[in-house]
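These notes concern the structure reproduced below.
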Protein chains: 2
Amino acid sequence: MEMDERKKKILRAIVQDYIATAEPIGSRTIARKFDLGVSPATIRNEMADLEELGLIEQPHTSAGRIPSDSGYRYFVDCLMDPPRITDEEKQVIERETTKRISEIQEVIAHTSKLLSHLTSLTSIILGPHKGKSAFGQMHFLPYQPGQAIMVIIKENGVVDNHIVDIGDAITAEDLQHVANVFNNKMKGQSVDQVKKNLLHQIYGELARQRRLIDNAMELLSTILDEVEQPEKIYLGGTLNMLNQPEFKDLEKVKTLFKVFEEDERIKKLVQPTQEGLNVTIGGENTLKEFQDCSVISATYRVNGETIGAIGVLGPTRMDYSKVMAVVDYMTRSLTEILTRRRR
Amino acid sequence: MEMDERKKKILRAIVQDYIATAEPIGSRTIARKFDLGVSPATIRNEMADLEELGLIEQPHTSAGRIPSDSGYRYFVDCLMDPPRITDEEKQVIERETTKRISEIQEVIAHTSKLLSHLTSLTSIILGPHKGKSAFGQMHFLPYQPGQAIMVIIKENGVVDNHIVDIGDAITAEDLQHVANVFNNKMKGQSVDQVKKNLLHQIYGELARQRRLIDNAMELLSTILDEVEQPEKIYLGGTLNMLNQPEFKDLEKVKTLFKVFEEDERIKKLVQPTQEGLNVTIGGENTLKEFQDCSVISATYRVNGETIGAIGVLGPTRMDYSKVMAVVDYMTRSLTEILTRRRR
DNA sequence: GTTAGCACTCTCAAGTGATGAGTGCTAACT
DNA sequence: AGTTAGCACTCATCACTTGAGAGTGCTAAC
């Protein structure tokens with residue numbers, strides 16, 4: 001069976017109306033609301049075909065039709081108005097993102113809020129992965145008698161600091177010396193490499209500061225091996241889900257919110273499967289709790305390198321065109337902000 | 001009218017049963033479940049008295065009685081078994097808190113989880129307030145051509161760092177010089193003071209680095225004025241509320257969770273009004289969304305100084321004895337951990 | 001190929017009545 | 001005087017029925 005023009009029109013009508021009202025729509029209503037020039041009976045026949053094609057379904061005998069997952073998929077791929085951001089949305093985003101915020105976490109948290117606000121759905125942002133970064137520089141700053149602050153700058157520019165106990169016997173010059181040795185030997189190396197290859201060298205050169213070195217190495221391990229610490233997840237507008245009629249059931253809300261607390265599974269949702277905008281509809285995603293939901297996601301970059309993902313979660317019945325436009329624009333916006341910030 | 005022994009017994013029975021079942025309890029059931037040696041009719045008479053005293057109430061004519069806020073209050077103050085932590089709870093807490101965690105945020109987050117888990121309610125922890133701290137030291141570290149990392153150490157030992165753009169013309173010595181001037185002039189001063197009194201001096205001494213100074217001052221403002229950044233709030237087990245029968249209504253859930261997102265109002269809930277354990281029952285607290293809820297809270301300390309609060313939020317119908325015991329114990333535990341950690 | 005007509009199905013909301021829990025009151029009992 | 005049995009009354013809840021409305025599929029006519 002072929003998808004002729006009229007079938008397409010009818011499917012589009014069904015999807016659009018269902019997205020707007022969340023009510024199954026019947027042939028009579030379609031004929032009334034959408035000017036297709038045919039009678040309800042004709043539409044009924046077409047709908048029977050569409051159902052056979054698996055694009056729409058009936059919740060029960062005497063209800064109207066609703067789109068199936070495949071129906072949404074077809075709609076998104078072939079029927080939908082192309083995603084186009086409205087001037088109003090654009091303005092809001094511009095206004096909100098030009099506020100100068102320095103901390104990257106805050107930028108992302110703010111983006112998350114904005115995204116959920118614009119879509120009235122739940123936003124999910126995968127924070128930038130810290131990236132296993134190699135050793136860059138080390139410095140010691142005087143702090144208090146017997147203590148110094150060890151500052152470690154990773155190769156990717158992230159700065160970490162820790163207070164370390166030093167003996168009273170160590171002078172500023174000694175510290176400088178230790179730092180110099182580390183900086184020379186370790187530049188660009190991972191901790192494992194250092195432990196294997198260079199530690200005895202360092203010990204050799206700095207025999208007297210053995211305790212300080214051990215201390216420093218331990219700190220370096222924890223700081224540079226921070227990769228295990230997973231990317232942070234930012235959720236925004238989780239409450240918006242409660243306004244969706246598909247979550248008027250308390251049990252559903254419970255399971256939904258339970259999953260919201262499991263970062264690992266949320267992460268899977270926005271994990272991009274391909275470049276550009278990802279649209280995952282209903283059962284296409286693997287989490288059974290979200291079989292009634294769709295996710296629009298995309299990745300954001302810094303200096304061309306993909307470092308995180310941004311997504312919107314909503315009921316399958318969402319305004320794909322609008323949400324896709326917003327996610328797309330926000331991704332670019334975020335990429336731009338982060339890139340500019342880094343310059 | 002006096003509260004004689006029998007009235008007390010009956011009130012206690014009503015509260016205990018209602019806490020356990022969440023169902024209004026009638027005279028017959030009381031006579032059956034609790035061995036008071038009198039007939040339902042007598043209990044009815046007593047209950048009429050208790051109602052007149054405002055300690056219990058009837059949801060509707062033919063339902064049993066439930067405790068009123070005053071009833072709970074009387075129960076907590078006079079009737080309840082004294083809070084006593086069980087060995088089992090104690091063990092769990094010991095086990096969980098001996099895991100060595102270094103970051104204070106993590107300690108608190110973990111405590112929050114533990115607390116909500118033990119009580120099956122929602123835990124609220126007010127993070128340690130950062131305290132307005134004055135300028136301590138400043139350092140510049142070389143980073144990339146044209147950029148340096150400015151490290152600011154506050155008087156309380158908190159370290160902050162930011163990448164700053166410096167011109168190509170500035171040498172390491174220049175930077176050192178700038179830092180020295182700042183360190184000399186500003187030690188222990190607040191930013192406002194500096195702006196008022198010292199800025200022109202600094203400009204005078206460092207005429208050539210005017211742009212860098214402006215830059216630095218701006219950063220200092222944001223870093224040192226961080227007080228405005230409020231104490232962080234840790235919520236745990238918010239989902240537990242969904243298991244409470246009083247929140248089977250979706251509308252209630254919505255308003256509840258909305259308030260959960262408003263830190264300012266949550267803060268009010270646990271803000272201690274007196275030393276030791278605070279018990280706020282139902283309408284006693286000021287937030288109208290929480291008129292059906294009670295809060296048990298207490299403050300935790302470091303080195304004798306109160307730095308935050310810890311609390312449990314649940315329906316008015318909660319197991320006061322148990323929750324009070326747990327909150328009390330956890331407070332001590334947290335105080336101890338933080339104090340030990342600081343040594 | 002399209003449409004009108006019609007019987008049929010199914011949900012939903014409103015109405016009904018039985019049931020049961022619980023009360024307050026009265027009068028009898030100890 | 002305090003306690004209890006008995007009883008009429010109230011009210012929520014549940015199961016059941018019923019009617020209305022929406023929608024369908026089928027058939028026959030256009």
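Proteins get letters first, then strands, A, B, ... in listed order; numbering begins at 1 in each. Keep in mind that what you see is a predicted model, and the values were worked out from it rather than measured.
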Looking at side-chain heavy atoms only, is the closest gap between B/Leu313 and B/Phe260 below 4.5 Å? yes
Give a yes or no on whether a salt bridge exists between A/Arg265 and A/Glu289, defined as a side-chain N under 4.0 angstrom from a carboxylate O. yes
Over 12 non-hydrogen atoms of neighbours within 6.0 angstrom of NZ in B/Lys254: yes
Determine whether any donor atom in the side chain of A/Ser62 lies under 3.5 Å from an acceptor atom in the base of C/dC10, or the reverse, and answer yes or no. yes
Nearest heavy atoms of A/Val279 and A/Arg73, plus distance in Å: O-NH2, 2.8 Å
5'-to-3' dot-bracket of DNA chain D (Watson-Crick, G-U; under 3.5 angstrom; crossing pairs as [ ]; | other strand): ||||||||||||||||||||||||||||||
Are B/Asp87 and B/Lys90 within salt-bridge range, i.e. N to O under 4.0 Å? no
Salt bridge or not between A/Arg65 and A/Glu51? Use side-chain N to carboxylate O under 4.0 Å. yes
B/Ala63 near the nucleic acid: base, sugar-phosphate alone, or nothing, with a heavy-atom cut-off under 4.0 Å? sugar-phosphate
In terms of relative ring orientation, are B/Tyr72 and B/Tyr18 parallel, tilted or perpendicular, with 30° and 60° separating the classes? tilted
Please report, rounded to the nearest Å, how far the P atom of C/dT3 is from the CD1 atom of A/Ile43. 9 Å
In whole angstrom, what separates A/Asn45's CG from C/dT3's C1'? 9 Å
Give a yes or no on whether the backbone of B/Ile25 and the side-chain of B/Asp17 come within a donor-acceptor separation of less than 3.5 Å. no
What is the first contacted nucleotide of DNA chain D and what is the last, in 5' to 3' order, if contact means an atom lying under 4.0 angstrom from a heavy atom of chain B? D/dT3 to D/dA12
C/dA21 P sits how many Å from B/Ile30 CD1, rounded? 16 Å
Once you round it to whole Å, what is the distance between C1' of C/dG1 and CD of A/Glu5? 18 Å
Quickly work out the B/Lys33 NZ to C/dG22 P distance and round it to whole Å. 10 Å
Nearest-nucleotide comparison on DNA chain D, the residue closer to the 5′ end among B/His60 and B/Gly37: B/Gly37
Rounded interatomic separation in angstrom, taking CD1 from B/Ile25 and P from C/dA21: 14 Å
Return the value, rounded to whole Å, for the distance between atom CG of B/Leu50 and atom P of C/dG22. 17 Å
Rounded to whole angstrom units, what separation is found between the CG atom of A/Asp4 and the C1' atom of C/dG1? 12 Å
Identify the residue among A/Leu36, A/Val38, A/Leu11, A/Asp49 that makes a side chain to side chain contact (heavy atoms under 4.5 Å, CB included) with A/Arg6. A/Val38
